[in-house]
Enquirer: 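Below is one structure. I have some questions about it.
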Protein chains: 2
Amino acid sequence: MLCRMAEASGPDSSRRVTIHDVARSAGVSRQTVSRALNGKDEIERSTKQRVLDAARELGYRPSRFARGLVRQDTTTIGLVIPDLRNPFFTEVAASALESARARGWHVVVYDTADRPEEELGTLQVIGSQVDGVVGYFSCDEDELDRWTRGMPMVLIGREHRMARFSSIRIDGEAGVHAAVTHLVAKGHTMIGMLDHVNRAEPSLRRDWFTAAALAHGIDPGRVAGAAQSADGGGEGLRALLGAHPEVTAVFTFNDIVAVGALREARRLGRRVPAELAVIGFDGLQLGALVEPPLSSVALDTRLLGSLAVEQVGRLLTGADPLPPEALEVRAELRLAGSA
Amino acid sequence: MLCRMAEASGPDSSRRVTIHDVARSAGVSRQTVSRALNGKDEIERSTKQRVLDAARELGYRPSRFARGLVRQDTTTIGLVIPDLRNPFFTEVAASALESARARGWHVVVYDTADRPEEELGTLQVIGSQVDGVVGYFSCDEDELDRWTRGMPMVLIGREHRMARFSSIRIDGEAGVHAAVTHLVAKGHTMIGMLDHVNRAEPSLRRDWFTAAALAHGIDPGRVAGAAQSADGGGEGLRALLGAHPEVTAVFTFNDIVAVGALREARRLGRRVPAELAVIGFDGLQLGALVEPPLSSVALDTRLLGSLAVEQVGRLLTGADPLPPEALEVRAELRLAGSA
DNA sequence: TTGAAAGCGGTACCAC
DNA sequence: GTGGTACCGCTTTCAA
């Protein structure tokens, strides 16, 4: 039974090689094998060598499950992101990895490919694989709760109702206000925005923009939607200028979109920032590579990732969780050439 | 007992809540708890509900180790990359994640932060956490072997001696040749290269460049080193032009460096491609965002990631491994505006 | 429908 | 220095 038929050849009963097999092969007991493998010293050199040889011969590898079961260390956290190829999430992921590594934790990464359906699949599977979860979720909070019962969860950039969740807030209000103020100071009064599309409610960033615009007596209604990509940004800009040709400055949902808008402006022959000022959101490293360099309401992605990991760690170990006011990342205006 | 005292305080005996605790609390046996939790149907509704309630109450979560131990499914692979923030590795990682997800596998990601020392630390820890490894390694093959005994290993972009390793070859010979041919066709004869720096031996890409240059009767000696970043590319270009002012075209180690060179050319007031042609390597999406769009000897990063995962999967299951000729990714010239 | 008992693959503790 | 044995937390027969 269980004869996996050895794929290609041989009467190989492809069973896992266990410590027992090694013990038998070396003519010792399991404990002795354990000693040899774990470098304990209460063992004779020759015995140890014999065991080691046998282990190598058999291609033995300890089961991580059995080992994890008995020595209850090793912490693994799950990191869920919508799209690793999106540089913003890349940066967050990278810093989360950094923080985790510093603590000796492992990180299983799940990319939900920007599809909410995938989130559920991920959640179901994640529950039995990690000790805690950090990440971005768009699904309903009840769904979230349902699949992650009892697991520490830190949500990034999203509010939560249930007490069992923890979340990292992104506060861009002041930053966006500063951006609009800057544009106004440069003489712009017709300021548009490229918001994201495909969501029921308007984005928080849109709210911040609206508030800032109103505070300056500016009409906040010049808005177009843009898919979350450079191409989307280009199309969005065309749509925006089509509907509101008077626009001389644009604030975008994020840097990717801004970069696309920058490229489109070039194609349209509008000089940046002279004829069109552009300010993005996120503060990606990418912004420094384009021409002109992108002004942006910048987020400290490093902090974002490390805060999330820190918090999930506290939840995990039962230490005092960070208070809400510490779980905030403020965005601030960083000017470069594009505005 | 086992009163977890509501998170914050109390004489919490912070022991893990086990299936046993739930069983006792619900007044049933462990097996019944197992049934209830795993949705088996040989159980009375009321009993099931009682168990579920008890479990929730106690905040019970099954141990992934115990579970993994008994049902021997769940495959986890380790993905080791030098720097997730480098867009090239991001793309490879993203496609590896995709392929793994398609198979229902989990991926633990390790970022070695471009430091070879970190590799060893990672390797030591990885052995007891994953079933197979895929990734980039710069350390010595014996070291590699030493820490990963018996574990399927797929090396990307690196040759191997030992039979136990498998590797994905990157073949850029034809692509680089095409690049040089293109430049020559455009009238360039003074073609330089920005190679990477910090390595003992010259890179393969340098070798390909040298061969292609010689094939066209071009002096392959106009080379400068560049750190692997946009800034590095800028500095490299300055160095190259300082030493070889006659250069009118540049081939770079990768796209990041090329983008930096592009930016530097702009600063130096050299028009691209009219006064300086630039061709990168990798074919990153990033290349389409800069001005002018970057020509590049492009690699199919998607294929790279999925091949690696496919191969490690075969090694894992004992299926016939892909033959070396299938484990090759060819780079090919993709022209855009920069050359 | 439910429970008892036998592992899964290791490690730790205690004799020998 | 080495082996016996209990046990880590869970699932899977097999009886009851």
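Side chains included, hydrogens not; waters and symmetry mates left out as well; all remaining heavy atoms used. Chain letters run A, B, ... following the sequence lines, proteins first, then strands; residues in each count from 1.
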Enquirer: Sequence neighbours left out, what passes side chain to side chain contact (heavy atoms under 4.5 Å, CB included) with B/N38? Give chain and number order.
Expert: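 Once residues adjacent in sequence are excluded, the partners of B/N38 under the side chain to side chain contact (heavy atoms under 4.5 Å, CB included) criterion are B/S34, B/K40, B/R67, B/R71.
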Enquirer: Using atom types as modelled and distance alone, determine if a side-chain donor or acceptor of A/R61 lies under 3.5 Å from a backbone N or O of B/T148.
Expert: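 Not confirmed, A/R61 side chain does not pair with B/T148 backbone.
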Enquirer: So if I take every side-chain heavy atom of A/V28 and compare against C/dG9, D/dG3, D/dC10, which nucleotide ends up nearest?
Expert: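 Closest of the options to the side chain of A/V28: D/dG3.
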Enquirer: What string of B, S and - do you get for nucleotides 11-16 of chain D 5' to 3' if you count protein non-hydrogen atoms under 4.0 Å?
Expert: BB----
Enquirer: Considering the terminal five base pairs at each end of the helix from C/dT1-D/dA16 to C/dC16-D/dG1, what angle separates the two local helix axes, rounded to 10°?
Expert: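 End-to-end axis angle for the helix from C/dT1-D/dA16 to C/dC16-D/dG1: 40°, rounded to 10°.
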Enquirer: Quickly work out the B/R24 CZ to D/dG9 C1' distance and round it to whole Å.
Expert: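 The answer, rounded to whole Å, is 14 Å.
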Enquirer: Counting any heavy atom closer than 4.0 Å, what does A/L69 reach on the DNA or RNA strands: base, sugar-phosphate only, or nothing?
Expert: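 Since a base atom lies under 4.0 Å of A/L69, the category is base.
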Enquirer: Among residues at least two apart in sequence or on other chains, which ones pass side chain to side chain contact (heavy atoms under 4.5 Å, CB included) with A/T122?
Expert: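 Residues passing side chain to side chain contact (heavy atoms under 4.5 Å, CB included) with A/T122: A/V80, A/Y110, A/T112, A/I126, B/R101.
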Enquirer: Rounded to the Å, how far apart are A/H20 NE2 and C/dG9 C1'?
Expert: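 After rounding, the gap between these two atoms is 11 Å.
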Enquirer: With a non-hydrogen cut-off below 4.0 angstrom, is B/R64 in contact with a base, only sugar-phosphate, or nothing?
Expert: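 The residue B/R64 makes no contact with any strand.
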Enquirer: CZ of A/R50 versus P of D/dG1: gap in Å, rounded?
Expert: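 Between P of D/dG1 and CZ of A/R50: 15 Å.
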Enquirer: With a 4.0 Å limit, can you tell me whether B/T47 has a side-chain N or O closer than that to the phosphate oxygens OP1/OP2 of C/dT1?
Expert: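 No.
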Enquirer: State which residues pass salt bridge (charged side-chain N to carboxylate O under 4.0 Å, His left out) with B/R50; sequence neighbours excluded, sorted by chain then number.
Expert: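 By the salt bridge (charged side-chain N to carboxylate O under 4.0 Å, His left out) rule, B/R50 matches no residue at all.
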Enquirer: Look at the side-chain N and O atoms of A/S29 and state whether any lies under 4.0 Å from the OP1 or OP2 oxygen of D/dG3.
Expert: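 Answer yes for this pair, as a side-chain N or O of A/S29 is under 4.0 Å from OP1 or OP2.
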Enquirer: Show every salt bridge (Lys or Arg N to Asp or Glu O under 4.0 Å) that has at least one partner inside residues 126-140 of chain A, sequence neighbours left out.
Expert: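 Residue pairs with at least one partner in residues 126-140 of chain A: A/D131-B/R64.
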Enquirer: List in chain and number order the residues that pass side chain to side chain contact (heavy atoms under 4.5 Å, CB included) with A/T18, two or more places apart in sequence or in another chain; answer none if no residue qualifies.
Expert: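 A/T18: side chain to side chain contact (heavy atoms under 4.5 Å, CB included) contacts with A/R15, A/H20, A/D21.
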Enquirer: Tell me whether B/E141 contacts the main-chain N or O of B/R161 through its side chain, where contact means a donor paired with an acceptor under 3.5 Å.
Expert: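 Checked: pair present.
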Enquirer: Quick one: which residue pairs count as a ring pair (Phe, Tyr, Trp, His ring centres under 6.0 Å) with a foot in residues 121-168 of chain B, not counting sequence neighbours?
Expert: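 Every ring pair (Phe, Tyr, Trp, His ring centres under 6.0 Å) pair that includes a residue of residues 121-168 of chain B, provided the two are not neighbours, is B/F89-B/Y136.
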Enquirer: Suppose we screen for salt bridge (charged side-chain N to carboxylate O under 4.0 Å, His left out). Which residues come up paired with A/R149, at least two apart in sequence or across chains?
Expert: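 Expected list: A/D145.
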Enquirer: Give a yes/no answer on whether the side chain of B/T32 brings an N or O atom under 4.0 Å of OP1 or OP2 in C/dT2.
Expert: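 No, no such contact exists.
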